[in-house]
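First comes the structure, then the notes that go with it.
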Amino acid sequence: QHLPDRLPDLDSMEDVERWVKEVPFEIVGIVCESDSGLDDAERLGEALGLYPDRHDGFNAARRNKFLMNEACERAGLRVVRQKMCQTLEEAVDFATELGVRGRAENDVDEISESAAGSEEGAAGVGASDMLNGTDNRRDEDHVPSNNGLLGMATNDHSDGTSLGGRYCVVKPSRGVASDDVHLCQDLESVQTAFTRIKDSTVFGSMHGERHDKVLVQEFASGTEYAVDIVSKAGHHKVAALWRYDKRPANGASFVYHATELVDADTDVGRAICEYVMDALGALNVNWGISHNEVIFDDVGPRLVEVNLRQHNTDFAPLTSACIGYNALDMVLAAYLGDAEEFPPNTEHKRLDWDSLPDLPVTRAYGAIVHLVSHSEGILTGLNIPALEEIEEMGSVLAMELYPHYTTIGENIEKTVDIRTDSGWLHIMNDDPDQFKSDYDRVVELMPHMFSVEEAGDVDDRTDESNEDQI
């Protein structure tokens, strides 16, 4: 049952007061778990009187990507050029202004999967060291740390040149992950993306809201990072810094392959985290948990989006193992750590907010691996030797294939976004070479995990069987 079905009428203080009396505990804070609940969470916090002491009130810019970038730009932060477009003509005109050309004039057809997935494409030939998360400005006392080992430098082209200005991104102003986010290399693809998004249902909408406008943005070339932050009374502490390995796959431009933990207390990490903290300030965020994404290039960070919810994956076991704590325990410390009394014998289970560092460092290499399906059709079998090889790898802590991809006879699909992943791995290792080797081997095995039969083949066999019976 969805939360809105359990909420009081937020426009009726009488109903709110009745609802509060029925809740068998004191509400001291509200944390949202998903994008679709942000609106209700903010309105509920105001209705319960938590704002401003333990709540940030209502702000539409925290959910709308266009308004979000505008707020950050007003605060002096570096952002991409963008425009909300109501008509196809507006979208095409703005894309042209960004330098996108018609198919006939464009000298680049598509980013090839082979180039984007290669290590040569990953580094970005001729790109600066900063682009890959390393830092060539270390002084003699600086100890090299975990800047990330896995995959490609996100959004970098294989020849190392910037794509900014020749490509654009077309997406909804409200959405989740890479859902309906289109990398458009020509005006024809801009038209296709615009038509797909315009008038589509807003993600998480309970009332059938539709996108009456489409967001067109400048394409930001660089490496994509995610920053999980917990905030208490305006004091922001980083719970984890992640580096994405996204690659073109199955016709989609940005498919998650890995979400890798990296150190926040490095020159690059500090630049990213300080930028995100400034972005939270621009959106008047003082309390709660957030999952924030930026692109980092040789100039510095630029915002992808701020999400005022937890990182929607099973991150806690991995971050606890690699860092020593996790964002969920930090939230409890932020909201409940000042209580006068605690349950007995819980000291070892609680975090002390004041003793937590602002920027964490990893004590092992760790990543969430997204299992990408390259197969589509009726599932006829699993590659058991490949799956057993993965399970036996020294870096693999946990593994799950979703039931849909383990049931023979089910119709499975290719992975094009995070919702169509076929499963996940948690990998961790003290040895960087073994960590990277195991990951590379998993990626190599992904295209061969499932055996399928196309639906047409099944129909043909059914027809033949019927003919035999006749």
Side-chain donor-acceptor pair present, [X], [Y], cut-off under 3.5 Å:
X    : Y    : answer
D180 : H182 : yes
H370 : D421 : yes
E293 : Y244 : yes
D417 : T420 : yes

Inset, instruction - Return the orientation label for the F219 and Y167 ring planes: parallel under 30°, perpendicular over 60°, tilted otherwise. - result: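 The arrangement is tilted - the two ring planes meet at 30° to 60°.
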Side chain to side chain contact (heavy atoms under 4.5 Å, CB included) with [X]: which residues, sequence neighbours excluded?
X    : value
V80  : N69, Q217, E218, A220, R302
L67  : A60, A61, N64, E70
E391 : M399
E46  : Y51, F58

Legend entry - Member of V306, D39, L280, D56 meeting the side-chain contact (heavy atoms from CB on, under 4.5 Å) criterion with R62: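 Exactly one pass, corresponding to D56.
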Inset, instruction - Could you pull out all residues at least two apart from Y275 that satisfy ring-ring contact (aromatic ring centres under 6.0 Å, His included)? - result: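 None.
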What residues form a salt bridge (charged side-chain N to carboxylate O under 4.0 Å, His left out) with [X], not counting sequence neighbours?
X    : result
R78  : D297
R54  : none
E444 : R441

Inset, instruction - Start with the C-alpha gap between D263 and T362, add the side-chain angles, then the distance that decides, and say whether side chain to side chain donor-acceptor pair (under 3.5 Å) holds. - result: CA-CA 6 Å; D263 285 351; T362 58; 2.7 Å; yes
Filter on salt bridge (charged side-chain N to carboxylate O under 4.0 Å, His left out), then keep only pairs touching [range], sequence neighbours left out; what's left?
range            : result
residues 423-435 : none
residues 368-377 : none
residues 334-345 : K232-D338

Legend entry - Sidechain N-carboxylate O distance under 4.0 Å for D35, R309: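 Between R309 and D35 there is a salt bridge, with a charged N closer than 4.0 Å to a carboxylate O.
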Legend entry - Evaluation steps, side chain to side chain contact (heavy atoms under 4.5 Å, CB included), between Q82 and K65: CA-CA 10 Å; Q82 61 173 4; K65 295 178 176 64; 6.0 Å; no
Name every donor-acceptor pair, under 3.5 Å, that has one atom in a side chain of residues 348-359 and the other anywhere in the protein, sequence neighbours excluded.
from: R350; atom 1: NH1; to: T346; atom 2: OG1; distance (Å): 2.5
from: D352; atom 1: OD1; to: D354; atom 2: N; distance (Å): 3.4
from: S355; atom 1: OG; to: D352; atom 2: O; distance (Å): 2.8
from: D358; atom 1: OD1; to: H235; atom 2: NE2; distance (Å): 3.0

Legend entry - Closest contact, heavy atoms only, R63 versus R174: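 Reported closest heavy-atom pair: O-CG, 3.4 Å.
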